[in-house]
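Encoded as structure tokens, the structure appears first; notes follow it.
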Amino acid sequence: MAGEPQADCLFCKIVAGIIPATVVQETETTFAFRDINPQAPMHVLVIPRVHYPDAGSLAAAEPTIAADVLSVAAQIAADEKVDDYGYRIVFNTGTGAGQTVFHAHAHVLGGRGLEWPPG
Ligand code: AMP
Ligand code: ZN
């Protein structure tokens with residue numbers, strides 16, 4: 001069924017506690033943890049508990065949960081005090097854009113200057 005945990009999904013295993021993570025915040029619908037290979041001084045991943053392969057398919061099926069992911073991302077940026085300077089929320093979608101884990105996730109990056117356009 002759509003949104004059900006996938007046995008071969010790394011992030012479903014993190015949500016289930018099968019694979020450990022440095023948890024930043026949990027809500028009823030979302031789970032946030034530090035990226036294992038940080039690309040900025042503050043690099044947190046915010047994921048929905050439900051499994052959808054990318055942000056677009058999550059938003060199409062569960063718009064309220066997609067909004068929760070965005071709200072939590074902004075809340076974490078404020079909690080981690082990177083919001084005054086500026087931060088970035090990124091949803092890599094597809095292998096050509098650098099997506100490697102096919103469970104929707106927001107990267108929240110901050111704590112340094114972020115170039116535009118991105119590479
Ligand atoms: P993406 O390349 O956009 O699919 O992002 C996947 C992210 O997951 C990468 O930034 C990885 O560093 C991160 N990642 C992979 N495995 C883990 C893990 N076990 N714990 C935390 N972050 C991870
Ligand atoms: Zn998953």
Side-chain angles (χ1 to χ4, degrees):
M1 216 168 74
E4 291 295 305
Q6 301 294 304
D8 59 349
C9 174
L10 174 66
F11 287 176
C12 283
K13 288 180 187 162
I14 286 179
V15 169
I18 296 165
I19 291 176
T22 306
V23 179
V24 173
Q25 197 193 112
E26 290 187 57
T27 71
E28 200 178 307
T29 57
T30 68
F31 196 90
F33 53 98
R34 297 202 186 274
D35 197 292
I36 205 167
N37 182 24
Q39 301 301 312
M42 197 283 289
H43 186 174
V44 171
L45 300 174
V46 183
I47 70 175
R49 289 181 183 274
V50 288
H51 178 96
Y52 288 90
D54 55 40
S57 57
L58 171 69
E62 296 279 5
T64 306
I65 297 178
D68 292 345
V69 169
L70 273 181
S71 304
V72 166
Q75 185 60 57
I76 288 170
D79 291 348
E80 303 256 333
K81 301 190 176 8
V82 298
D83 56 332
D84 276 352
Y85 178 80
Y87 64 96
R88 193 168 288 165
I89 300 172
V90 175
F91 294 93
N92 293 329
T93 303
T95 50
Q99 188 176 6
T100 58
V101 178
F102 290 84
H103 178 129
H105 53 281
H107 294 259
V108 189
L109 299 145
R112 66 167 170 83
L114 296 163
E115 288 174 18
W116 190 261

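Just follow the structure's listing: the first ligand is 1, and inside any ligand the first atom is 1. One is the number of the first residue; the rest follow in order along the sequence. Only a predicted model underlies this, so the values are computations on that prediction, with no experimental measurement involved.
Under the ring pair (Phe, Tyr, Trp, His ring centres under 6.0 Å) rule, F11 has a single partner from F102, F33, Y52, which is F33.
Listing protein N, O or S atoms at distances below 2.8 Å from the Zn ion (ligand 2), with waters left out, gives C9 SG, C12 SG, H51 ND1, H103 ND1.
Every side-chain contact (heavy atoms from CB on, under 4.5 Å) that A104 has, sequence neighbours left out, goes to P48, L58. With sequence neighbours left out, V23 forms a side-chain contact (heavy atoms from CB on, under 4.5 Å) with E26, F31.
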Go through the steps to decide whether R34 and E80 satisfy the test salt bridge (charged side-chain N to carboxylate O under 4.0 Å, His left out), and finish with yes or no. CA-CA 12 Å; R34 297 202 186 274; E80 303 256 333; 2.7 Å; yes
Candidate pair D54 and S57, rule side-chain hydrogen bond (donor to acceptor under 3.5 Å, both in side chains), full reasoning: CA-CA 6 Å; D54 55 40; S57 57; 2.9 Å; yes
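A donor-acceptor pair is defined here as one N or O able to donate and one able to accept, closer than 3.5 Å; no such pair exists between the side chain of T27 and the backbone of Q25. The backbone N or O of P53 sits less than 3.5 Å from a side-chain atom of Q99, completing a donor-acceptor pair.
Annotation: E4, atom CD; neighbour count of heavy atoms from other residues, nucleotides and ligands within 6.0 Å is above 12.
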Ligand 1: protein N/O within less than 3.5 Å of ligand N/O:
residue: ligand 1; atom: 2 (O); partner: G98; partner atom: O; Å: 2.8
residue: ligand 1; atom: 2 (O); partner: T100; partner atom: N; Å: 3.3
residue: ligand 1; atom: 2 (O); partner: T100; partner atom: OG1; Å: 2.9
residue: ligand 1; atom: 3 (O); partner: N92; partner atom: ND2; Å: 2.9
residue: ligand 1; atom: 3 (O); partner: H105; partner atom: NE2; Å: 3.0
residue: ligand 1; atom: 3 (O); partner: H107; partner atom: NE2; Å: 2.8
residue: ligand 1; atom: 4 (O); partner: T100; partner atom: N; Å: 2.7
residue: ligand 1; atom: 4 (O); partner: T100; partner atom: OG1; Å: 3.3
residue: ligand 1; atom: 4 (O); partner: V101; partner atom: N; Å: 2.9
residue: ligand 1; atom: 4 (O); partner: H105; partner atom: NE2; Å: 3.0
residue: ligand 1; atom: 5 (O); partner: H105; partner atom: NE2; Å: 3.0
residue: ligand 1; atom: 5 (O); partner: H107; partner atom: NE2; Å: 3.2
residue: ligand 1; atom: 10 (O); partner: D35; partner atom: OD1; Å: 3.3
residue: ligand 1; atom: 10 (O); partner: D35; partner atom: OD2; Å: 2.5
residue: ligand 1; atom: 12 (O); partner: D35; partner atom: OD1; Å: 2.5
residue: ligand 1; atom: 22 (N); partner: I36; partner atom: N; Å: 3.2

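Using cut-offs of 30° and 60° on the angle between ring planes, the pair H103 and H51 is perpendicular.
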